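Okay, so here's the structure we're looking at.
These numbers come from the heavy atoms of this one structure, side chains and all, not from hydrogens, waters or symmetry mates. We count ligands from 1, going down the list as the structure has it; atoms in each ligand are counted the same way. Keep in mind it's a predicted model, so treat the numbers as computed, not measured.
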Amino acid sequence: MGDLPRILVLNGPNLNMLGSREPGVYGTTTLADISREMEALAAELGLELEFFQSNHEGALVDKIQEAYGKVAGIIINPAAYTHTSVAVRDALLLHAAPVVEIHISNIFKREPFRHKSLVSDIAAATLCGFGKEGYMLALRGMAVLAGGWKK
Ligand code: DQA
């Protein structure tokens with residue numbers, strides 16, 4: 001681990017299938033492509049990234065807990081857990097560091113059950129509807145937010 005501010009990038013269930021999953025909604029870019037592009041941008045911005053994807057709620061909670069006190073920020077696409085997980089929300093609340101919520105699709109243009117996020121009101125910022133570019137925008141935003149945040 002270097003001296004650069006460390007940002008945890010979390011992706012929830014089914015996002016490992018990006019590229020083949022509902023391409024009309026989520027595009028054809030894979031999660032590995034997104035991670036590579038984020039790494040290149042992080043190098044420009046002077047941030048260090050750690051990536052984690054899981055289809056399991058408890059695994060995401062464990063990862064968020066492990067990061068407690070060790071990261072300058074969390075970028076999270078909680079995927080379906082956005083709409084259901086009090087556990088993910090409560091784990092994020094541990095952190096004084098900023099949380100940025102990102103969704104590839106515009107959740108407000110979709111089914112009513114996707115309009116409610118259990119993360120948005122505790123996040124420093126939320127982005128949705130920019131496709132995979134949302135991850136880059138979230139990272140740029142995080143560089144601003146984490147820059148002003150001291151552990
Ligand atoms: C998503 C939107 C969620 O409603 C959905 O369950 C996902 C992906 C998005 O990135 O647009 O899995 O978070």
Side-chain angles (χ1 to χ4, degrees), residues 5-45 47-68 71-146 149:
R6 193 174 178 77
I7 308 298
L8 178 61
V9 182
L10 290 175
N11 281 285
N14 300 305
L15 293 171
N16 55 318
M17 299 308 289
L18 285 179
S20 10
R21 177 189 182 198
E22 299 181 82
V25 177
Y26 298 113
T28 51
T29 308
T30 66
L31 195 55
D33 293 334
I34 291 170
S35 303
R36 263 193 300 276
E37 205 178 320
M38 287 183 86
E39 281 287 16
L41 180 57
E44 270 175 45
L45 296 171
L47 298 171
E48 191 179 309
L49 302 185
E50 178 182 355
F51 294 94
F52 183 74
Q53 186 278 331
S54 180
N55 294 325
H56 304 278
E57 188 175 21
L60 291 163
V61 169
D62 286 345
K63 195 70 192 176
I64 295 166
Q65 287 187 8
E66 267 170 38
Y68 175 64
V71 294
I74 297 178
I75 295 173
I76 183 166
N77 183 345
Y81 290 139
T82 306
H83 319 295
T84 63
S85 181
V86 176
V88 168
R89 175 194 172 91
D90 285 351
L92 291 170
L93 279 170
L94 275 171
H95 289 264
V99 171
V100 173
E101 175 190 12
I102 182 255
H103 301 283
I104 296 166
S105 65
N106 181 351
I107 55 176
F108 301 102
K109 269 177 74 174
R110 301 184 63 194
E111 305 95 317
F113 67 84
R114 294 186 204 274
H115 297 179
K116 174 74 190 163
S117 165
L118 296 182
V119 173
S120 296
D121 68 308
I122 61 156
T126 295
L127 285 107
C128 73
F130 288 103
K132 61 107 178 162
E133 221 27 62
Y135 285 92
M136 310 315 141
L137 295 170
L139 189 53
R140 286 187 187 278
M142 182 56 90
V144 175
L145 295 174
W149 186 82

Hey, is ligand 1 close enough to [X] that some N/O pair sits below 3.5 Å?
X	result
L15	no
R114	yes
I104	yes
H83	yes

I need the atoms of ligand 1 closer than 4.0 Å to a non-hydrogen atom of S105, numbered in the order shown.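 Counting from 1, the qualifying ligand atoms are 2 (C), 9 (C), 11 (O).
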
Please list, in number order, the atoms of ligand 1 under 4.0 Å from a heavy atom of A80.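 Answer, ordered by atom number: 6 (O), 12 (O).
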
Between D121 and R89, does any NZ, NE, NH1 or NH2 come within less than 4.0 Å of an OD or OE carboxylate oxygen?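 Salt bridge flag = yes for D121 with R89.
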
Any salt bridge linking E39 with R36? Criterion: basic side-chain nitrogen under 4.0 Å from a carboxylate oxygen.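 Salt bridge flag = no for R36 with E39.
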
What is the nearest protein non-hydrogen atom to atom 1 (C) of ligand 1, stated with its residue, atom name and distance?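 For this ligand atom, the closest protein heavy atom is H103 ND1, 3.8 Å.
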
Could you check atom 7 (C) of ligand 1 against the protein and tell me its nearest heavy-atom contact, residue, atom and distance included?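 Protein heavy atom at minimum distance: Y26 OH, 3.4 Å.
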
Ignoring hydrogens and angles, state whether a donor on the side chain of [X] or [Y] is under 3.5 Å from an acceptor on the partner side chain.
X	Y	value
Q53	N55	yes
E101	T82	no
N11	Y135	yes

In this structure, does ligand 1 have an atom that sits under 4.0 Å from one of the heavy atoms of E111?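 Outside the 4.0 Å threshold, so no.
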
Could you tell me whether ligand 1 has any atom less than 4.0 Å away from a heavy atom of N14?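 N14 does not count as a contact of ligand 1 under the 4.0 Å cut-off.
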
Counting only heavy atoms not in F130, do more than 12 sit closer than 6.0 Å to its CZ atom?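 Result for CZ/F130: open.
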
Does H115, at its NE2 atom, have more than 12 non-hydrogen atoms belonging to other residues, nucleotides or ligands within less than 6.0 Å?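 Enclosed.
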
Quick check: closest heavy atoms across L8 and A67, and the distance to 0.1 Å?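 Closest approach of L8 to A67, heavy atoms only: CD2-CB, 3.7 Å.
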
Identify the two heavy atoms, one from S105 and one from R110, that lie closest to each other, and give their separation to 0.1 Å.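 For S105 and R110, the tightest heavy-atom pair comes out as OG-NH1, 2.9 Å.
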
Applying a heavy-atom cut-off of 4.0 Å, say which part of [X] lies close to ligand 1: side chain, backbone, both or neither.
X	result
E101	neither
V25	neither
I107	side chain

